[in-house]
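Structure first, then comments.
What you are looking at is a predicted structure, and each value in this text was computed from that prediction instead of being measured.
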Amino acid sequence: MTHKFGRISAALLASTIAGSALAQDNSVTIVLSEELDVVEPCMTSRSNIGRVIQQNISETVTELVPGEGLQPRLATSWEDMGGGTWRFALREGVTFSDGTTFGAEDVAHSIARTTGDAIVCEIGAKFFGGMEITTEIVDEHTIDITADPAQPILPLLMSTMTVVPSETPMDSFVDTPIGTGPYTFDEYNVGQNIKLSVRDDYWGDAPVVQSATYVFRSDSAVRAAMVKTGEADIAPNIALQDATDPDMDYSYPNSETVYLRVDNMTAPLNDVRVRQALNHAVDREAFIGTILADGTLLATGMTPPSTIGYNHDLTPYAYDPDKAKALLAEAKADGVPVDQTITLIGRTNNFGNVLETMEAMLQMFQDAGFNMELQMYEVAEWENFYSKPFAEDRGPQIVQAMHDNANGDPVFSMYFKYHSDGLQSGTTDATIDDMIAAATAATGAKREQLWSELFAYIHGEAVTDVLLFHMVGFSRVNTRLDFAPTIKTNSELQLSQIAFK
């Protein structure tokens, strides 16, 4: 559905944009809000990387399609063999962009590389944490994949596993990805653009889009204006105030959850009363319809309401600065160093109006009595604060993040966000660890119940973080394209799904 908002007109900025009006008829230009720091296929769980690489260059074993469920991709079928083992039949007649033949050896290598410890792959750490994945090649196009402990949704987990050739180094990231997808990775002119072109030997249907150029502009109004003037075709992410053209702008509930990851292991944030005070200090309602879109939902869980087990009985923390001050005073009386400076860390260009959002929250925290300062970082430097290992001398930190889960199950979120060994977990809680293990191993109604109970424990008892918003996304699409954003647009943008009118 198209929404019209605005206090900044993209048209006013059109004169500042240089370049031709329209790209070539069979090419598209996509303007992203931030540049890619790496182009490694095992890092496509980061949205800025996934929008370029996922399913364009590197394909996954299976694919979760909105409205259709789990579908074949490089695997054509799968079967539960029992004991945690699933057998996958792989697609025949597939080649990589370097001309080598795809087969079971490549899948086995990709799994070992992604889940091993020679390099830190976010896909492995995020989606396969807490389990051991082993493989056995049955024949050239058949592979058994075993998870310990057993994973009843292993085929769904395989929708995140990008496949690279077996010759890909185990111990280093690639700078020119090679995949089985419909496009080749041609150029990366750092600071300027990335260029892809269509393959003539792709195993699937031939895409309409023959080439794509990705450019990077941090200013949302500039991105919107580039599409308006024809210098770009798609801006996947624009801010609320720039979505002013009903013919080009799309809004849609996306799968992103904005939250503040609180470091539960450093004082004063290791006191639950301080974390409760943080939650009561934020006026969540004040953001909606002002700097965030109407339709934005207040969050009580890390995953969107579309995931199984989302606990709809939970209510957001009430905005109550007086209660926040009382909680801080109570903690201080017990010797908790609540006056210590807390660093609030934000990611620039993470979503539209992120700076305005962070500045408003900083003021709310300060009004409630917190001694806090704000620091904003580009994604590469921000990642040093967000993922382990954390600096030993870091002091108390709160990290703003936006987490995407369009996969329908909390298993894609909970281990690396909350388990004691999770890549981005700010807590060590044995109860949470046990609850994650139990829910991950369960099926059916029991699985849903256990996830629901975990959401309740995290929100109401552990109070590990400050859950904020389930977001509404805005994209601008040039009218020459036949393309509509979906819930997946936050994490991938398949060029093969774009046509021309």
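Of the options Lys488, Gln54, Arg51, Glu63, a side-chain hydrogen bond (donor to acceptor under 3.5 Å, both in side chains) to Gln494 is made by Glu63 and by none of the others. Screening Glu492, Gln55, Arg73 against Thr60 for a side-chain hydrogen bond (donor to acceptor under 3.5 Å, both in side chains) leaves a single residue, Gln55. Among Pro72, Pro155, Ser77, the single residue meeting the side chain to side chain contact (heavy atoms under 4.5 Å, CB included) criterion with Phe88 is Pro155.
Taking the side-chain contact (heavy atoms from CB on, under 4.5 Å) definition, one finds that Ala441 meets it with nothing, sequence neighbours left out. Under the salt bridge (Lys or Arg N to Asp or Glu O under 4.0 Å) criterion, Arg46 pairs with Asp37, Glu122, Glu383, sequence neighbours left out.
Across all their heavy atoms, Pro410 and Thr303 have their closest contact at CA-CG2, 4.1 Å. Between Ser255 and Ala406, the closest heavy-atom pair is OG-CB, 3.5 Å. Contact detail for Pro305 and Leu297: the closest heavy-atom pair is CG-CD1, 4.0 Å. Pro236 and Leu32 get closest at one heavy-atom pair: CG-CD2, 3.9 Å. Closest approach of Leu374 to Gly346, counting heavy atoms only: CD1-N, 4.4 Å.
In this structure, a donor-acceptor pair under 3.5 Å is present between the side chains of Arg284 and Asn279. Looking only at atom types and distance, the side chain of Thr257 has a donor-acceptor partner in the side chain of His470 under 3.5 Å away. Residues Asp144 and Thr85 bring no donor and acceptor atom of their side chains to less than 3.5 Å of each other. Using modelled atom types and a 3.5 Å distance limit, the side chains of Tyr259 and Lys417 yield a donor-acceptor pair. If you check the side chains of Asp433 and Tyr418, you find no donor sitting under 3.5 Å from an acceptor. A donor-acceptor contact under 3.5 angstrom links the side chains of Ser413 and Asn405, judged on distance only. No hydrogens or angles considered: nothing links the side chains of Gln397 and Thr343 as a donor-acceptor pair under 3.5 Å.
A salt bridge does not link Arg217 with Glu34: every distance from a Lys NZ or Arg NE/NH1/NH2 to an Asp or Glu carboxylate oxygen is 4.0 Å or more.
Distance alone, capped at 3.5 Å, places no donor-acceptor pair between the Gln497 side chain and the Phe483 backbone. Arg275 places a side-chain N or O within 3.5 Å of a backbone atom of Ala462 that can act as its donor or acceptor partner. In this structure, Glu461 contributes its side chain and Ile458 its backbone to no donor-acceptor pair below 3.5 Å. When atom types are taken as modelled, the side chain of Asp271 and the backbone of Arg273 share a donor-acceptor pair closer than 3.5 angstrom. Under the 3.5 Å distance criterion, the side-chain polar atoms of His459 are matched with a main-chain donor or acceptor of Thr315. A donor-acceptor pair under 3.5 Å links the side-chain atoms of Asp320 to the main chain of Lys323, judged by distance alone. A donor-acceptor pair is defined here as one N or O able to donate and one able to accept, closer than 3.5 Å; such a pair exists between the side chain of Arg476 and the backbone of Ala224. Remark: the backbone N or O of Leu493 is paired with a side-chain donor or acceptor of Asn56 at under 3.5 angstrom. Of the possible polar contacts, none joining the Thr114 side chain to the Ile111 backbone as a donor-acceptor pair under 3.5 Å is found. Listed for the Thr162 side chain is a donor-acceptor partner under 3.5 Å among the backbone atoms of Pro41.
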| query | side-chain contact (heavy atoms from CB on, under 4.5 Å) between Ile432 and Thr464: does it pass, once the steps are laid out? | reply | CA-CA 10 Å; Ile432 291 178; Thr464 58; 4.0 Å; yes

| task | Please lay out, stage by stage, how Ile194 and Phe185 fare under the test side-chain contact (heavy atoms from CB on, under 4.5 Å). | result | CA-CA 8 Å; Ile194 292 173; Phe185 190 93; 3.6 Å; yes

| said: Assess the residue pair His141 and Phe102 against the criterion (ring pair (Phe, Tyr, Trp, His ring centres under 6.0 Å)); give the C-alpha distance rounded to whole Å, side-chain angles, the decisive distance to 0.1 Å, and a yes or no. | reply: CA-CA 9 Å; His141 293 99; Phe102 160 77; 7.1 Å; no

| message | Working note: Asn311 + Ser452, criterion side-chain hydrogen bond (donor to acceptor under 3.5 Å, both in side chains); need CA distance, chi angles, decisive distance, verdict. | response | CA-CA 5 Å; Asn311 195 322; Ser452 182; 3.1 Å; yes

| request: Take Thr427 and Ser420, measure what side-chain contact (heavy atoms from CB on, under 4.5 Å) needs, and give me the verdict at the end. | output: CA-CA 6 Å; Thr427 189; Ser420 297; over 6 Å; no

| task | Could you please spell out the steps behind the side-chain hydrogen bond (donor to acceptor under 3.5 Å, both in side chains) verdict for Gln241 and Asn353? | result | CA-CA 9 Å; Gln241 68 269 13; Asn353 296 332; 2.8 Å; yes

| task | Determine, stepwise, if the pair Tyr457 / Asp429 fulfils side-chain hydrogen bond (donor to acceptor under 3.5 Å, both in side chains). | result | CA-CA 11 Å; Tyr457 178 79; Asp429 188 318; 3.0 Å; yes

| query | Met402 and Val354: side-chain contact (heavy atoms from CB on, under 4.5 Å), yes or no, with the steps? | reply | CA-CA 10 Å; Met402 186 164 68; Val354 62; over 6 Å; no

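At a threshold of 4.5 Å between non-hydrogen side-chain atoms, the residues Ser33 and Phe216 do not count as touching. In this structure, Ser475 and Thr489 have side chains that are in contact, with non-hydrogen atoms separated by less than 4.5 Å. You'll find the side chain of Phe351 reaches within 4.5 Å of the side chain of Met471, heavy atoms only. In this structure, the side chains of Gln424 and Lys126 come closer than 4.5 Å at one or more pairs of heavy atoms. Using a 4.5 Å cut-off on side-chain heavy atoms (C-beta onward), Leu196 and Ile57 make contact.
Summarising the geometry, atom NE2 belonging to His419 is positioned 13.0 Å from atom CE belonging to Met435; distances are rounded to the nearest 0.5 Å. Remark: Asp242 CG to Ser220 OG distance equals 3.5 Å, nearest 0.5 Å. Here Ile30 contributes atom CD1 and Ile498 contributes atom CD1; the two are 5.0 Å apart, rounded to the nearest 0.5 Å. In this structure, the separation between CD1 on Ile234 and CD1 on Ile238 is 12.0 Å, given to the nearest 0.5 Å. Going from atom CZ of Phe416 over to atom CZ of Phe128 covers 12.0 Å, rounded to the nearest 0.5 Å. With values rounded to the nearest 0.5 angstrom, Leu298 atom CG is found 7.0 Å from Phe469 atom CZ.
The local environment of CD in Gln449 is crowded, with over 12 non-hydrogen atoms from other residues, nucleotides or ligands closer than 6.0 Å.
For Tyr386 and Trp382, the gap between ring centers is short of 6.0 Å. The aromatic ring centres of Tyr377 and Phe385 sit less than 6.0 Å apart.
Residues in residues 36-78 take part in these disulfide bond (SG atoms under 2.5 Å apart) pairs, two or more places apart or across chains: Cys42-Cys121.
Arg91 forms a cation-pi arrangement with Trp203, by the criterion of a distance under 6.0 Å to the ring centre and an angle within 45° of the ring axis.
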